[in-house]
Amino acid sequence: MAIEINDTPTKEKSANFLEEIIQESIARGETRVQTRFPPEPNGYLHIGHAKSICINFGLAKKYGGKCNLRFDDTNPVKEDVEYVDSIKRDIQWLGFDWAIERYASDYFEQLYDWAIVLINKGLAYVDDQTQEAIREGRGTVSEPGKESPWRNRSVAENLDLFTRMKNGEFADGAKVLRAKIDMAHPNMLFRDPIMYRILHTEHHRTGNKWCIYPMYDYAHGQSDSIEQITHSICTLEFDVHRPIYDWFIQTLDIFPSHQYEFARLNLTYTLMSKRKLLKLVQEHTVTGWDDPRMPTICGLRRKGYTPASVRAFAEMVGVAKRDNVIDLSKLEYCVREDLNKIAERRMAVLDPLKVVITNYEEGRIEQFTAVNNPENEDAGTRQIPFSKEIYIDRNDFMEVPPAKYYRLSPGHEVRLRYAYLIQCQEVIKDADGKIIEIRCTYDPSSGNGSSSDGRRVKGVIHWVSAAQALSAEIRLFKPLFNKENPEEVEEGQTWEDNLDPESLVKISGFLEPSLRETPIGQAVQFERVGYFCPDTESTPNHLIFNRTVTLKDSWAKMNK
RNA sequence: UGAACUAUGGUGUAAUGGUAACACAGCAGAUUUUGGUUCUGUCGUUCCAGGUUCGAAUCCUGGUAGUUCAACCA
């Protein structure tokens, strides 16, 4: 008997509960894995959906299965092709491909036929009650409901009425089709759930063909079943729906898809409710769904997040069934980690302070060689111009420095990154006492890579040569909300009171000349500052850079 | 006051009856022409009470807390 030697030293990462479920089903001999990502096209996808996408597509990939994209388009009132298109774009951007693209509306005919089956079995009836009466009749979580007076209509009458509903004989709200189950059931969803409602509304795919539309509970499980989904994965709030999901499938005796639930993603300082995000867009609190402050996938993309960083984040937060709130710092860690490896370094001054090198020849321009990415030698080098007048960042100079301040201050010397050592000789102020210029001398023997006497200086600061500098608009983003949990409100306030008025700050800064042709969305690191990318609105004549994330700043932290 | 789900460091996730671990965050240090990166060290955890067991985060019982469900939304 051959001895199997497992010589792969890699320790298998422990399986999450969904992987265990799949592994168990495979062990039972059910080898086919078919998942689906089922968004309703009524808004843009956000980071929470990204988690779901990574789970559904990731699981299918890991177990040699397939993942479908299915639009849950059963409510034409809220849905639109604009959303369909954006959802497809975002999934592809994340790096996933669906096996097939389907719509719940593709199944309207089949769903209708199944409704007829249920009516014939005496398990569905047309109810003429008003919306209010139905709501009251449903009872509450602690009291049973009451049966509708229309509950015991004959099969023939139900068939006739349902056909006429379909044919458009009745107005919106006049009638609904309900499953006949149990008005006293402890699970509210079993108290004769509504299967169809009348909606004389044009549908973005079926046009005016239908005026009755199936409800989620009647459509979702059967849609899964039609696609022979083996693992229908959704978030925890659908947990109570699972019994009704199973009930329709079993009663109709169709392919047994099964539903599994995981805890949705929550992020500190972030709102994930589609309804509230829509409100921010509609009221122009943000510039659109792709505003870089939005937690949407397109917002993250515009801010400069990479697909790999979002996928790494989904992997990092894991999958489980308990409610969670993830620290925003985890997301930021994931982008920094990715961008550190791939983003080329550049110099940019965000809050300019002019420095004149008094002993440097007027009109002289030198070129210094700078490394593009210390993490990747293949990224090569570039030239950056140096001259008598440069800009440095205002916070790299202090007239009266605190202890351990390594940067520029009167009488002290710092290294200009990739260039000379300079020493501050004089501080020029305006009439109000504001510092407007610094005068320094440089050590001609201290050029990049050399130091005449081996003396070392702790401080290294970035700079941009004034004459060649590009001016640019820089957009600095903070979270939209200034409260860790934006839903938590004081008495008499709303979540909108937690909006941070300074979540977007636009400033104008100076960039080194090589930044001129940076393609939109291309990540660069402004050395010592953060990661940035040109905004979608950026043009050669009006450069706009978005801050993706700051660099870690232990000096700032130390001085908090 | 019904039902379902959940409970492990500050945060998230593991440990599948046998040494509570990994990551993020924090703190301290080393290296550094980015106060970045990298490296090293460090802090700190099983909701409560009983029970089963040689042994419990894990199994049982009972509490407690949180979340979800009463749209003709999904």
Side-chain angles (χ1 to χ4, degrees), chain A residues 13-16 20 38-40 42 72-75 77-79 104 127 129-131 134-136 138-145 172-178 185-191 194-199 212-213 215-217 219-220 234-243 261 263 268 274-275 316-334 336-337 340-341 345 347 370-371 374-375 404-407 414-419 421 446 448-449 451 456-462 525-530 550-558:
Chain A
K13 192 173 177 289
S14 56
N16 64 49
E20 282 180 4
E40 182 189 14
N42 68 344
D72 231 337
D73 56 349
T74 55
N75 184 4
V77 177
K78 292 185 173 180
E79 297 153 7
D127 194 342
Q129 290 184 108
T130 62
Q131 189 166 169
I134 289 177
R135 190 190 322 122
E136 282 165 28
R138 192 150 31 222
T140 70
V141 289
S142 50
E143 299 163 52
D172 289 5
K175 288 178 167 42
V176 291
L177 183 73
R178 292 231 253 172
H185 199 104
N187 184 337
M188 300 291 291
L189 296 170
F190 274 70
R191 322 248 261 226
I194 293 172
M195 293 163 58
Y196 275 91
R197 76 286 215 187
I198 301 170
L199 248 27
I212 55 170
Y213 291 93
M215 298 287 289
Y216 169 85
D217 281 313
H220 200 94
C234 61
T235 46
L236 236 38
E237 60 270 28
F238 291 97
D239 176 282
V240 289
H241 294 253
R242 182 165 14 96
E261 312 85 17
T268 55
K274 246 194 216 176
R275 208 194 90 241
M316 177 187 251
V317 301
V319 188
K321 292 193 78 151
R322 64 169 153 159
D323 295 331
N324 60 78
V325 185
I326 311 289
D327 267 355
L328 198 53
S329 63
K330 283 193 175 71
L331 219 209
E332 295 184 337
Y333 169 85
C334 290
R336 287 195 189 103
E337 189 184 47
N340 176 49
K341 288 180 296 193
R345 315 290 128 123
M347 291 205 283
V371 172
E375 305 292 320
K404 291 195 175 173
Y405 187 78
Y406 306 149
R407 284 110 101 147
V414 292
R415 162 75 62 185
L416 290 176
R417 173 131 241 230
Y418 294 123
L421 254 20
S446 66
N448 190 16
S451 61
R456 294 161 68 104
V457 149
K458 187 90 174 164
V460 178
I461 64 174
H462 58 279
Q525 183 195 101
F526 290 174
E527 292 214 40
R528 302 209 309 131
V529 179
T550 61
L551 248 29
K552 285 214 305 198
D553 188 348
S554 53
W555 168 249
K557 205 183 300 178
M558 203 158 89

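Each chain gets a letter, A, B and so on, in the order its sequence line appears, and its residues count up from 1.
For the pair A:Lys321 NZ and B:G12 P, the computed distance is 18 Å after rounding to whole Å. The distance between atom CG of A:Asp239 and atom C1' of B:A4, rounded to the nearest whole Å, is 6 Å. The NZ atom of A:Lys330 sits 16 Å away from the P atom of B:C22 (whole-angstrom rounding). When the P atom of B:G36 is taken as reference, atom NZ of A:Lys341 falls 19 Å away, rounded to whole Å. The distance between atom CE of A:Met316 and atom P of B:A25, rounded to the nearest whole Å, is 7 Å. Distance, A:Glu527 CD to B:U34 C1': 5 Å, rounded to whole Å. Taking atom CE on A:Met347 and atom P on B:G36, their separation rounds to 18 Å, with Å as the unit. Atom pair A:Arg242:CZ and B:A4:P shows a separation of 12 Å (rounding to whole Å applied).
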Contact string for nucleotides 37-45 of chain B, one letter per nucleotide 5' to 3', B = base within protein heavy-atom range under 4.0 Å, S = sugar-phosphate only, - = neither, reads S--------

Nucleotide by nucleotide, nucleotides 67-74 of chain B touches protein heavy atoms under 4.0 Å in the pattern (B base, S sugar-phosphate only, - none) SSBBSBSB

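A:Val77 comes within 4.0 angstrom of nothing in the nucleic acid, heavy atoms only. A:Ile326 comes within contact range of the sugar-phosphate backbone alone, with a heavy-atom separation under 4.0 Å but no base atom that close. In this structure, A:Glu143 reaches neither bases nor backbone, as no heavy-atom distance under 4.0 Å exists between it and the strands shown. A:Lys404 comes within 4.0 angstrom of a base, heavy atoms only. Within 4.0 Å of A:Val529, counting heavy atoms only, lies no atom of the nucleic acid at all.
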Can you give the dot-bracket line for RNA chain B, where a pair is Watson-Crick or G-U wobble with both atom distances under 3.5 Å, crossing pairs use [ ], and | marks a partner on another strand? .((((((..((((....[..)))).(((((.......)))))....(((((..]....))))))))))).....

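By the ring-ring contact (aromatic ring centres under 6.0 Å, His included) test, A:His241 is found to be paired with A:Tyr216, A:Phe238, residues two or more places apart in sequence or in another chain being considered. In terms of the ring-ring contact (aromatic ring centres under 6.0 Å, His included) criterion, residue partners of A:Tyr405 (sequence neighbours excluded) are, by chain and number, A:Trp555. Residues passing the side chain to side chain contact (heavy atoms under 4.5 Å, CB included) test with A:Glu375 are A:Asn340, A:Arg345, A:Asn373, sequence neighbours excluded.
Ranked by how close their nearest RNA chain B nucleotide is to the 5' end, A:Asn324 and A:Phe526 are led by A:Asn324. Closest-nucleotide positions on RNA chain B for A:Ser329 and A:Arg417 were compared, and the one nearer the 5' end corresponds to A:Ser329.
Listed nucleotides B:U6, B:U33, B:G10 differ in distance to A:Val460; the shortest reach to its side chain belongs to B:U33.
The main-chain N or O of A:Ser446 is found under 3.5 Å from a side-chain atom of A:Arg415 such that the two form a donor-acceptor pair. With hydrogens and angles disregarded, a donor-acceptor distance shorter than 3.5 Å links the side chain of A:Asn187 to the backbone of A:Val240.
Across B:C59 and B:C24, the matching C1' atoms stand 33 Å from one another, rounded to whole Å. The gap from the C1' atom of B:C60 to that of B:A25 amounts to 38 Å, rounded to the nearest Å. With P as the reference atom, B:U58 and B:G51 are 14 Å apart, rounded to whole Å. Spacing of P atoms, B:U67 relative to B:G35, comes out at 45 Å, to the nearest Å. Separating the C1' atom of B:G2 from that of B:C72 is a span of 25 Å, rounded to the nearest Å. Taking the P atom of each, B:G9 and B:C48 are spaced 10 Å apart, rounded to whole Å. The same atom, C1', is picked in B:C43 and in B:G29; the two are 15 Å apart, to the nearest Å. As rounded to the nearest Å, B:A70 and B:A4 have C1' atoms that lie 14 Å from one another.
Counting only heavy atoms from C-beta outward, the side chains of A:Val529 and A:Thr550 never approach each other to under 4.5 Å. Looking only at side-chain heavy atoms (C-beta outward), A:Val176 and A:Met215 stay at 4.5 Å or farther from each other. Taking 4.5 Å as the limit, every side-chain heavy atom of A:Asp127 sits out of range of all side-chain heavy atoms of A:Ile194. The side-chain heavy atoms of A:Arg197 and A:Asn75, taken from C-beta on, include a pair separated by under 4.5 Å. Side-chain contact between A:Asn324 and A:Val317: absent, with no pair of heavy atoms (C-beta onward) separated by less than 4.5 Å.
Distances shorter than 4.0 Å separate some side-chain N or O of A:Ser554 from OP1 or OP2 on B:G36. The side chain of A:Arg407 places no N or O atom within less than 4.0 Å of a non-bridging phosphate oxygen (OP1 or OP2) of B:G35.
For the pair A:Met316 and A:Cys334, the tightest heavy-atom approach, listed with the atom from each and the gap, is SD-SG, 3.9 Å. Nearest heavy atoms, A:Phe526 versus A:Leu551: O-CD2, 4.3 Å.
For A:Arg456 against B:U33, a side-chain-to-base donor-acceptor contact under 3.5 Å is absent. The base of B:U34 is not paired with the side chain of A:Arg528 by any donor and acceptor separated by under 3.5 Å.
Under the side-chain contact (heavy atoms from CB on, under 4.5 Å) rule, A:Thr268 has a single partner from A:Ile326, A:Asp327, A:Leu331, which is A:Asp327.
B:A71: glycosidic angle within 90° of 0, hence syn.
Ion pairing between A:Lys78 and A:Glu40 fails under the 4.0 Å rule for side-chain N and carboxylate O.
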